[in-house]
Amino acid sequence: MKKIISIILSLAMIAALAVPAMATENENESYQIFSVNSNSQFLQSDSESTYELKTEDYANGDACIYMIRDGSIVEKTYVDRSTGTVTTSDGNNNIISQKVCNVKSEANINLNASSETYKNAGTITYRYYIQGMAAGTRNISLKYYSTLFNTPSYRPQGKYASITELAGILVTALGLPGAIAGAAANWILVAAGVSVTATNFIISNGSYVSAHGTLMKWQASGNRTIYIEGTKYAFSDSNGNGTTEYDGDYYAYSNYTSHNSNFANLFYERMWGNDVFDIVSWS
């Protein structure tokens with residue numbers, strides 16, 4: 001009975017964390033998949049257990065990836081990004097493996113605000129209501145900044161303690177946030193035909209993996225100035241396989257030109273909260 005309750009609770013938590021893409025690549029590309037600080041991904045569920053991969057990214061650049069079975073940590077990998085040290089431990093904190101990898105800056109993105117040049121997108125006008133009556137209008141002026149980057153490449157090869165260690169190595173080798181590295185490790189193992197819950201597995205002939213990234217930042221000015229940003233990672237390997245993952249609040253410029261209401265609503269709610277409002281115009 002306890003196991004059934006644990007599985008139900010785990011699935012409920014996963015469902016709450018999963019946020020679907022709001023549009024396709026060919027339409028309004030907007031995603032809200034990973035938190036920049038912490039994320040949980042469902043890995044596998046069978047008659048015995050439910051597995052999750054939880055990742056945490058810290059302010060100092062380090063990351064930690066956990067394998068969780070039925071709510072308990074069974075393995076974790078801590079990444080010291082400054083030294084490239086990837087340490088994998090079991091659920092009792094006994095060290096299983098420790099590797100030192102080449103350190104790459106996080107996705108090689110230049111995040112120096114002074115070097116960012118924002119382009120004007122336009123203004124969205126909203127009408128807000130108080131007690132069911134129109135009370136006035138509010139404007140948000142939007143500017144955006146976008147930059148492209150490429151990660152280094154990495155070839156998964158040899159023995160790994162688990163998916164958490166592979167993800168930890170991707171953090172350092174490709175310069176990725178922990179959440180994105182976890183998703184990429186999942187994709188690599190599926191492509192290699194390795195169970196995502198396997199331990200002490202060997203990848204004997206891995207393909208070189210890298211990612212092409214797009215950072216998108218929005219500056220919104222209303223009663224104050226706020227920023228919303230996200231990054232798209234388009235992964236590919238040397239065999240022609242690929243997958244795309246998203247970090248933060250990623251909204252392509254097409255969301256403005258196509259007058260995506262979800263996009264407009266996000267800025268109003270971040271600026272003024274959950275008032276009753278509607279969109280009047282885009283200019």
### Task
Using the six-membered ring of Tyr268, assess whether NZ or CZ of Arg138 lies under 6.0 Å from its centre and within 45 degrees of the ring axis.
no
Over all atoms of both residues, closest heavy-atom pair of [X] and [Y]:
X: Thr55; Y: Ala179; answer: OG1-CA, 3.2 Å
X: Gly206; Y: Gln157; answer: N-OE1, 3.1 Å
X: Cys101; Y: Ile169; answer: SG-CG1, 3.9 Å
X: Ala264; Y: Ile124; answer: CB-CD1, 3.9 Å
X: Met216; Y: Ser146; answer: SD-CB, 3.5 Å
X: Pro156; Y: Ser207; answer: CD-O, 3.1 Å

How about [X] and [Y]: does a side-chain donor come under 3.5 Å of a side-chain acceptor?
X: Thr125; Y: Asn139; result: yes
X: Tyr145; Y: Glu116; result: no
X: Ser195; Y: Thr197; result: yes
X: Thr77; Y: Thr164; result: yes
X: Asp62; Y: Tyr78; result: yes

### Task
Begin with the C-alpha distance, continue with both residues' side-chain angles, and end with the deciding distance and a verdict on side-chain hydrogen bond (donor to acceptor under 3.5 Å, both in side chains) for Glu165 and Ser97.
CA-CA 8 Å; Glu165 183 176 63; Ser97 172; 2.6 Å; yes
Would the distance check show the side chain of [X] and the main-chain N or O of [Y] forming a donor-acceptor pair, the cut-off being under 3.5 Å?
X: Ser258; Y: Ser254; answer: yes
X: Asn239; Y: Asn241; answer: no
X: Glu56; Y: Ala63; answer: no
X: Asp57; Y: Gly178; answer: yes
X: Asn265; Y: Ser261; answer: yes
X: Asn92; Y: Asn94; answer: no
X: Thr147; Y: Leu215; answer: no

### Message
Check Asp249 with Lys217, please: is the shortest side-chain N to carboxylate O separation under 4.0 Å?
### Response
no
#### Entry: Arg69 bridged to Glu75 by N-O distance under 4.0 Å
no
Could you tell me if the side chain of [Y] sits less than 4.5 Å from the side chain of [X], heavy atoms only?
X: Asp90; Y: Val74; result: no
X: Thr87; Y: Ile95; result: yes
X: Met271; Y: Asn223; result: yes
X: Asn274; Y: Glu269; result: yes
X: Thr172; Y: Val79; result: yes
X: Tyr250; Y: Glu229; result: no
X: Thr231; Y: Ile180; result: no

### Task
Test Tyr233 against Thr244 for side-chain contact (heavy atoms from CB on, under 4.5 Å), laying out the working first.
CA-CA 6 Å; Tyr233 295 85; Thr244 303; over 6 Å; no
### Task
Return the orientation label for the Tyr256 and Trp282 ring planes: parallel under 30°, perpendicular over 60°, tilted otherwise.
perpendicular
### Query
What is the ring orientation for Phe263 with Tyr251, classed by angle as parallel under 30°, tilted 30 to 60°, or perpendicular over 60°?
tilted
### Message
Go through it in stages, so that I can follow the logic: the residues are Leu174 and Phe235, the test is side-chain contact (heavy atoms from CB on, under 4.5 Å), and I'd like the CA-CA distance, side-chain angles, deciding distance and then a yes or no.
### Response
CA-CA 11 Å; Leu174 301 187; Phe235 287 92; 4.2 Å; yes
Nearest-0.5 Å distance that lies between atom [atom1] in [X] and atom [atom2] in [Y]:
X: Arg155; Y: Ser238; atom1: CZ; atom2: OG; result: 7.0 Å
X: Lys76; Y: Ile68; atom1: NZ; atom2: CD1; result: 11.0 Å
X: Leu142; Y: Ser221; atom1: CG; atom2: OG; result: 8.0 Å
X: Leu166; Y: Lys159; atom1: CG; atom2: NZ; result: 15.0 Å
X: Arg270; Y: Arg224; atom1: CZ; atom2: CZ; result: 10.0 Å
X: Asn60; Y: Asp80; atom1: CG; atom2: CG; result: 7.5 Å

Taking [Y] as the starting point, is it possible to reach [X] by hopping between hydrophobic residues whose side chains are less than 4.5 Å apart?
X: Tyr51; Y: Val190; value: yes
X: Trp272; Y: Ile130; value: yes
X: Leu176; Y: Phe149; value: yes
X: Ile279; Y: Phe267; value: yes
X: Val171; Y: Tyr208; value: no

### Task
I would like to know whether Asp275 and Tyr126 meet side-chain contact (heavy atoms from CB on, under 4.5 Å); could you show each step before the answer?
CA-CA 11 Å; Asp275 293 342; Tyr126 306 84; over 6 Å; no
### Query
Take atom NZ in Lys143; do more than 12 heavy atoms of anything else shown fall under 6.0 Å from it?
no
### Task
Please name all residues satisfying side chain to side chain donor-acceptor pair (under 3.5 Å) with Asp278, sequence neighbours left out, ordered by chain then number.
Arg127, Tyr129
### Summary
Across all chains, not counting sequence neighbours, the ring pair (Phe, Tyr, Trp, His ring centres under 6.0 Å) partners of Tyr160 are Phe201
### Task
Measure centre to centre between the rings of Tyr144 and Tyr118, then say whether the value is under 6.0 Å.
no
### Asn186 vs Ile163, side-chain contact (heavy atoms from CB on, under 4.5 Å): CA-CA, chis, key distance, verdict
CA-CA 7 Å; Asn186 194 340; Ile163 187 174; 4.3 Å; yes
